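Inspection log for the structure reproduced underneath, given as structure tokens.
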Amino acid sequence: MLPSYEKLLAAIVLLTATQSANGQNLTSAIGPCQAGPCWVQSEYDVSPPVYPSPNATGIGWSAAFEQAANFVSQLTAEEKAQLVTGTPGPCVGNIGPIYRLGFKGLCLQDGPLAIREADYASVFPAGVSVAASWDKTLARQRGVDMAMEFKGKGADVALGPVAGPLGRSAYGGRNWEGFSPDPYLTGELFATTIEGMQSTGLQACAKHYIGNEQETQRNPTGGLPTVISAGGGPVIEAVSSNIDDRTMHELYLWPFQNAVKSGVASVMCSYNRINGTYGCQNSKTLNGLLKEELGFQGYVMSDWLATHSGYLAATSGEDMDMPGGIGFFSDNPSFFGGNITAAVNNGSLTEDRLDDMCRRIMSPYFLLQQGDASYPAVDPSSGDLNFFPASTYHYNFTYNTQANVDVRDDHSQLIRELGAAGSVLLKNTNNALPLKTPANVGIFGNDAGEPTDGLYFDGDGDLLNVGYEFGVLPVGGGSGTGRFTYVVSPLEAIKTKVYSYNPKALVQYILNNTLIAGPGGYFGVGAIIHPTPPDVCLVFVKTWATEGYDRSSLLVDWDGTQVVESVASLCPNTIVVTHSSGINVMPWADNPNVTAIIAAHYPGEQVGNSLVDLLWGDVNPSGKLPYTIAYKQDDYNFAPIENSSALLTTTDPNAWQSNFENRLLIDYRHFDFFNESVQYEFGYGLSYTTFSMSSLSIAPSTASGSISALPPSNPTEPGGNPALWETLYTATLTITNTGSVAGAAVPQLYLGLPQPVDEDFTPVKVLRGFEKIMLQAGESQTVTFDLTRRDISYWDRFTQQWTIGTSAIGVMAGFSSREIWLTTSCSPLEGSSGSASSASAGYGSATALASGMMSSAMASGSSMISASMPAASSMVSSAMMSGSSMMSASMLPSASMMPSASMSAAGMMPSSASAAPPAGCSDVPGPWQWSGNWGPPHGPPAAGGPPAARS
Ligand code: BGC
């Protein structure tokens, strides 16, 4: 059979590849075989072709699609070209009107946390803050509130939210625009944001698709883009993100699949290349993955100047060229525009494809009734704030009769609440927080006060984007920023709070980091702060990040490390607050004088109030880390930003290759797999109360024994095969607030999926469920997690299907990725035969893997081959993309690196559900329990009781 043949072929190729890698030390976090089959560079030179571009059929929005088809049937060729090509106008992106058919055109506005080019608008918490809230309800409401502001200003399309970058590298300059390096957490919040936004009638744009994981060399340099040489040397192509097929599906594509399932109107293709081919002319990622496999019915717009060809991009799946021209400020010349009509006329582009592009663009417009008279027209102030001079406009756009419309409504309330919810309490020694009524408060650091460079944090190229020295940093820079109407600084909010309970209290401050980090002298007799030490020293440090640049350090900026150490050396009650794009290493975290730490992320305009609510306990902290804080910067070397002095001076056009060799092992997946201690793990965050967890049980939703390894074949719908979204299991557990104050817990469900043979190394655990639950003191609540077929499957590059593995799935519930309270297991393909022994033979056991590999390869290979196998051509394509190779036993991690059952055997884990397990599931803890070097205070619960004390 062909599939077997394909497997054999792959095996031969890969066997060759692995031979050179035998003997590699897999305990090393860096190397060509660190995370699965050895890397074969030639497999990533060219992204496989997938043609033709699938026509939208309107599934999911058929009435709107019919309207779109009717509209498009009346267009001239020139009007069709106009509809697919941006043009100068009052918005960041503009599609010209076709008034004879009642079409007002489209206004596209940045960005993911606010309508950027607008006055009288709010600036919301950034994506990273939403991720740290782990709160789907707030995420959705933020989507609604933001969208009302876009719509109120006359925008039709918001250029957000962001799931690319996902956050592969801790240094990624735009990670904060998106959510989390965990695809499940991102997928849930991405989708709820989109649903919230589109519920108002605004179109969302899921960006940047795909593999846009670094800013460095995100675009071609040298010459002119697309001109072979323009005097200054050859064009050096943009970085190529080289991603194997399984990693693509399980990490980077995952959240976009959620977005498509949620009916997102548009997707923005990215600047970078993917496996050698530019994102906006990559037929594999656009035609193959997005439109064919995920069944996307909307339109693909280019990122700004990311189009590098005309009919080639169009046939590869790009539907709209933004901002329209080859240059930024004019739509002429353009790869699209007149060249689209020319391409149709000369036969390079079919009219059918052009019509599909137009229908895709118009379907969401009709679905969301954006042509209705009640839909607000563009605020005239938009044009004044935008980059196109009015003199360059070719069309008469329709404007609102009122300018400077105030769209802020009461959104400051949600912003304040979400700003607090997205702040993570990392340390709290001896109940340093919440504060009581300190009468002598010291405030330190350049992140505490009023911004001094204005309220628009766009980033300053002249400063090489080091950020802004003085003033609080509420958001990052670039197109993902927002124009503030006000910022409540921490200093202002703290003064207001302190004087409210003690008008005579002291609030003393030094905001100059150079002074604080320098030789002492600000404490003590005759010094700046007196009397000393203050009752509490609040230190504010920050980390700038912006589009166009990756971060060069994971430490806090502006000598912030020295600032903390300097204050802590004199003040035994030092509380540190970071305003940051995401991951910071904190060499001062274990300093005993640092009594509390809050990672407050980028909370938006209410930054000071959100923080004061937490500091004084008006709000109980409930944020959890959406990433891992390791001990040292070097700990993140497994996923570097591709850069070097050699690359910066290269004359090789194809030199920039970013190999995602770490495959599935990013963030906690990496640290868990290699059993590395971390400072604060993914999912971690403290509260002013305590919680316990009990009674984990899991039940199959379908009759026992009826679960097939492969999803039944179905016609594709938005989101892919609908069978992937069916709930196959439901897990329930009970959580209790065991403390004395009300608070919100975030119970988290992780799965340990089986390690397939010949495959990328399967992570020890992956997040597959979370909820934010508010509980009064003493209150308990049952929490339910639905597990879909996709949730319990891995992407099999041979069958090109989401596939349920043949052995046990570990089910772990806890309050962080390393605070697992309860475990159980299920064997979906074994009916009611699930047992401890079948669990032990499953994933994560090096011995089982090594010995059973070849035989189960044969077994799984044959059992996975079904009538639903894809055609040979797409198999070949995906094999080319997958970077597939054989994994030999000698490449497997050593047993000591893998989870062991010793912890459960030693009785270190609390027992799970006492009720009889459901068919196919076992209540005996499986081998996924980690016996590594977690150590207190971040270890799992002590035997039979609550977790080790954490402070
Ligand atoms: C960014 C996009 C943004 C666009 C328009 C690009 O540089 O990558 O995220 O939407 O500009 O401002």
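Bear in mind that the values here come from a model prediction, so they are computed numbers and not experimental data. Computed over heavy atoms, backbone and side chain alike; hydrogens, waters and symmetry mates excluded. Both ligands and their constituent atoms are indexed starting at 1 by order of listing.
Between Lys153 and Asp379, at least one side-chain N (NZ, or NE/NH1/NH2) sits under 4.0 Å from a carboxylate O, which counts as a salt bridge. Between Lys104 and Asp156 a salt bridge is recorded (basic side-chain N to carboxylate O distance below 4.0 Å). In summary, Arg218 and Glu547 engage in a salt bridge, as defined by a charged side-chain N under 4.0 Å from a carboxylate O.
Summary of contacts: the protein heavy atom closest to atom 5 (C) of ligand 1 is Asp110 OD2, 3.3 Å. Protein heavy atom closest to atom 2 (C) of ligand 1, with residue, atom name and distance, is Asp303 OD1, 3.2 Å. Closest to atom 9 (O) of ligand 1, if we only count protein heavy atoms, is His208 NE2, 2.6 Å. What sits closest to atom 7 (O) of ligand 1 on the protein, heavy atoms only, is Glu547 OE2, 2.6 Å.
When each atom of ligand 1 is checked for a heavy atom of Ser479 under 4.0 Å away, the hits are 1 (C), 2 (C), 3 (C), 9 (O), 12 (O). Proximity to Arg218 (heavy-atom distance under 4.0 Å) selects the following atoms of ligand 1: 7 (O), 8 (O). Ligand 1 places these atoms under 4.0 Å from at least one heavy atom of Lys207: 2 (C), 3 (C), 9 (O), 10 (O). Applying the 4.0 Å criterion to heavy atoms of Leu159 picks out, from ligand 1, the atoms 10 (O). Taking every heavy atom of Val92 and a limit of under 4.0 angstrom, the matching atoms of ligand 1 come to 5 (C), 12 (O).
With a 4.0 Å heavy-atom cut-off, ligand 1 is reached by the side chain of Arg116 but not by its N, CA, C or O. At a 4.0 Å heavy-atom cut-off, ligand 1 touches Arg174 through the side chain alone. The residue Gln109 has no part lying near ligand 1, judged by heavy-atom distances below 4.0 Å.
Using 4.0 Å as the threshold, Met322 has no heavy atom nearer than that to any atom of ligand 1. Between Glu177 and ligand 1 there is no heavy-atom distance shorter than 4.0 Å.
Here the side chain of Asn175 pairs a donor or acceptor atom with the backbone of Ser169 at under 3.5 angstrom. Side-chain atoms of Gln217 do not come within 3.5 Å of backbone N or O of Asn643 as any donor-acceptor pair.
For the pair Trp304 and ligand 1, the shortest N or O to N or O distance does not fall below 3.5 Å.
You'll find the ring centres of Tyr271 and Tyr278 outside the 6.0 Å limit.
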List the steps and the verdict of side-chain hydrogen bond (donor to acceptor under 3.5 Å, both in side chains) for Thr481 and Asp458. CA-CA 6 Å; Thr481 195; Asp458 192 26; over 6 Å; no
Let me see the working for Lys207 and Asp110 under salt bridge (Lys or Arg N to Asp or Glu O under 4.0 Å), right down to the final yes or no. CA-CA 11 Å; Lys207 71 185 189 182; Asp110 283 319; 3.7 Å; yes
Stepwise salt bridge (Lys or Arg N to Asp or Glu O under 4.0 Å) test for Asp319 and Lys291: CA-CA 12 Å; Asp319 301 302; Lys291 293 184 174 176; 2.9 Å; yes
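Annotation: cation-pi pair Arg408/Tyr120 absent, no NZ/CZ under 6.0 Å from the ring centroid and within 45° of its normal.
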